[in-house]
Asks: 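Have a look at this one.
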There are 2 protein chains.
Amino acid sequence: MDEPRRTVLVIEDELPIRRFLRAALGAQQLHVVEAANGADGLALAASAAPDVILLDLGLPDIDGLEVLARLREWSTVPVIVLSARGQEADKVRGLDAGADDYLGKPFGVPELAARIRVALRHGDREAAPASVYANAGLRIDLHSRAVTRDGVPLHLSPRQYRVLAVLARHAGRVVTHAQLLREVWGEASDASPDYVRIAIHELRHRLEPDPVRPRWLRTEPGVGYRLIDDAGG
Amino acid sequence: MDEPRRTVLVIEDELPIRRFLRAALGAQQLHVVEAANGADGLALAASAAPDVILLDLGLPDIDGLEVLARLREWSTVPVIVLSARGQEADKVRGLDAGADDYLGKPFGVPELAARIRVALRHGDREAAPASVYANAGLRIDLHSRAVTRDGVPLHLSPRQYRVLAVLARHAGRVVTHAQLLREVWGEASDASPDYVRIAIHELRHRLEPDPVRPRWLRTEPGVGYRLIDDAGG
DNA sequence: AGCCGCCGTTAAGGTTCCGTAAACACGGGC
DNA sequence: GCCCGTGTTTACGGAACCTTAACGGCGGCT
């Protein structure tokens, strides 16, 4: 229901087509990020961390296939090529260069949406890194959403889990109050820092043997909180 | 240069097309296995463990989309649909039913070969999921659609089985309400989350010794449900 | 010393979410 | 045509949860 909104990066130089895609994809509940040339596209592919990329081949600065090749040096994000060049040889070149799909213009929005859904399915199955925090009996598996202490499963409320997950993702480092509010309660939220305090309190009560002397959830006065990681930090 | 030869399963009723594909794919250093109808195709998908499947939609015994749906109950092998029906609505249906790609006839061999290479890349990145769930007396065989508890076969309605199958495929991990709705009720469905709640309720009543204290079908408040897997959470 | 900000703790109220029951429509088998 | 299993839809009580507020302790600053 409240699944995280997926991000699609559109790399396309023609403004009308960008506008068209923005409207069409926005209607599919997708978050759209746009780049008008290859250089910006590559930069956004890194900074915006899109779930799928739509790539036009006729770009003004860098050749589309070159963009694809540079992207594939470090990313496996699904790429769907949109091209006016619909010749078979072009398709083969694009697909062999690392594209996951190839749509010749003109294309229908329903088909594009369906192929994006396919790409998102692929991305889901692939983006399953070994994201597990384990330290002195406490184990947080971000993939299966399971928290155990000494092998005993712990029950956490949605809020509590999200707070803990953010801390686990930055294990060993300090996470500021503002950062926690942003990542848990959302960007546009008027939530007060009090929420964090209470969530931490509840978390300590559920997973700390002695909540008064926290072993894992350490307070950094004036800054935020830190999930202790003996290994690194 | 002695890479393991990849296997392609061709499910296609027309003999001339099978012959054509056998020749074309053989020339690409692919090992070709053939099925002339849906039933044989499903059987071969299990026994021959192909790396990719080419599926024609116009089969004599089972509808192609039905073959795809049954296959997807236990396998994630890449499927490329080959169809004379090239209308956009057909493509969307096929892709949403679980296909990874959709080629309208007639197609060129180079493009087909390129799209097969894409599918093989995808297949490499993902691990083959177990097709049988077994945990503390409960056993779910995704191949034969059989569910037993302590050796006793349980009767489940189609809807109930599909919900349980999705959970079994993600055993140990949380499956969100939205994900269950998508995978059971379909991509473009306005079904309400209430359906999931009721399906779970019915499932618990049929397979939990004490439905009030579920042993397998654990609810994750605010998120979804989880099929407990003691081995690998 | 006294004030103030930060943090931990507790409690209460309102809301959301879940489990459960029941009514209705639909289709297949007999 | 009738019965039964199934899927859909609505409704409701209770529990869990989030928010909000308030209080006290501790330390730093003036």
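Per chain, numbering begins at 1; letters A, B, ... match sequence-line order.
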Asks: With a 4.0 Å limit, can you tell me whether B:Arg159 has a side-chain N or O closer than that to the phosphate oxygens OP1/OP2 of D:dG5?
Replies: no

Asks: Has B:Gln87 got more than 12 heavy atoms of other residues, nucleotides or ligands less than 6.0 Å from its CD?
Replies: no

Asks: Rounded to the Å, how far apart are B:Trp185 CH2 and D:dG7 C1'?
Replies: 9 Å

Asks: Send over the distance from A:His177 NE2 to C:dG8 P, rounded to a whole Å.
Replies: 8 Å

Asks: Could you state the CZ-P distance from B:Arg213 to C:dC18, rounded to the nearest angstrom?
Replies: 19 Å

Asks: For the atom pair CG (A:Leu30) and CG (A:Leu120), what is the distance rounded to the nearest 0.5 Å?
Replies: 6.5 Å

Asks: Check whether any side-chain nitrogen or oxygen of A:His155 sits under 4.0 Å from OP1 or OP2 of D:dA15, and answer yes or no.
Replies: no

Asks: Quickly, which of A:Arg159, A:Arg162, A:Arg169 forms a salt bridge (Lys or Arg N to Asp or Glu O under 4.0 Å) with A:Glu183? Name it, please.
Replies: A:Arg169

Asks: What is the distance, rounded to the nearest whole Å, between atom CG of B:Asp194 and atom C1' of D:dG7?
Replies: 13 Å

Asks: With respect to the phosphate group of D:dC18, does any side-chain polar atom (N or O) of A:Tyr161 fall under 4.0 Å of OP1 or OP2?
Replies: no

Asks: Rounded to whole Å, how long is the line connecting atom CG of A:Asp210 with atom P of C:dG8?
Replies: 14 Å

Asks: Is it true that A:Thr219 and A:Arg204 share a donor-acceptor pair across their side chains at a distance under 3.5 Å?
Replies: yes

Asks: With sequence neighbours excluded, what pairs up with B:His155 under the ring-ring contact (aromatic ring centres under 6.0 Å, His included) test?
Replies: none

Asks: Need to verify one output field. Residue with the more 5' nearest nucleotide on DNA chain C, B:Tyr225 or A:Pro211?
Replies: A:Pro211

Asks: Quick check on DNA chain D: between A:Gln160 and B:Pro158, whose nearest nucleotide comes earlier from the 5' end?
Replies: B:Pro158

Asks: Show me the pairs that pass side-chain hydrogen bond (donor to acceptor under 3.5 Å, both in side chains) and involve residues 37-51 of chain B, at least two apart or across chains.
Replies: B:Asn37-B:Asp40

Asks: Taking CZ from B:Arg218 and P from C:dC18, how many angstroms apart are they, rounded to a whole number?
Replies: 16 Å

Asks: Just to be sure I understand the rule, does B:Ser192 reach a base, reach only the sugar-phosphate, or reach nothing, if contact means heavy atoms closer than 4.0 Å?
Replies: nothing

Asks: Identify which nucleotide among D:dG7, C:dT9, D:dC18 has an atom closest to any side-chain atom of A:Ser157, counting heavy atoms from C-beta outward.
Replies: D:dC18

Asks: Taking donor-acceptor contacts at under 3.5 Å, does the side chain of B:Arg197 reach the base of C:dG19?
Replies: yes

Asks: Search all heavy atoms of A:Arg145 against all heavy atoms of B:Arg226 and return the closest pair with its distance.
Replies: O-NH2, 2.8 Å

Asks: Near DNA chain D, under 4.0 Å by heavy atom, which residues of residues 198-209 of chain B?
Replies: B:Ile198, B:Arg206

Asks: In whole Å, what is the span from the CG atom of A:Leu181 to the P atom of D:dT19?
Replies: 10 Å

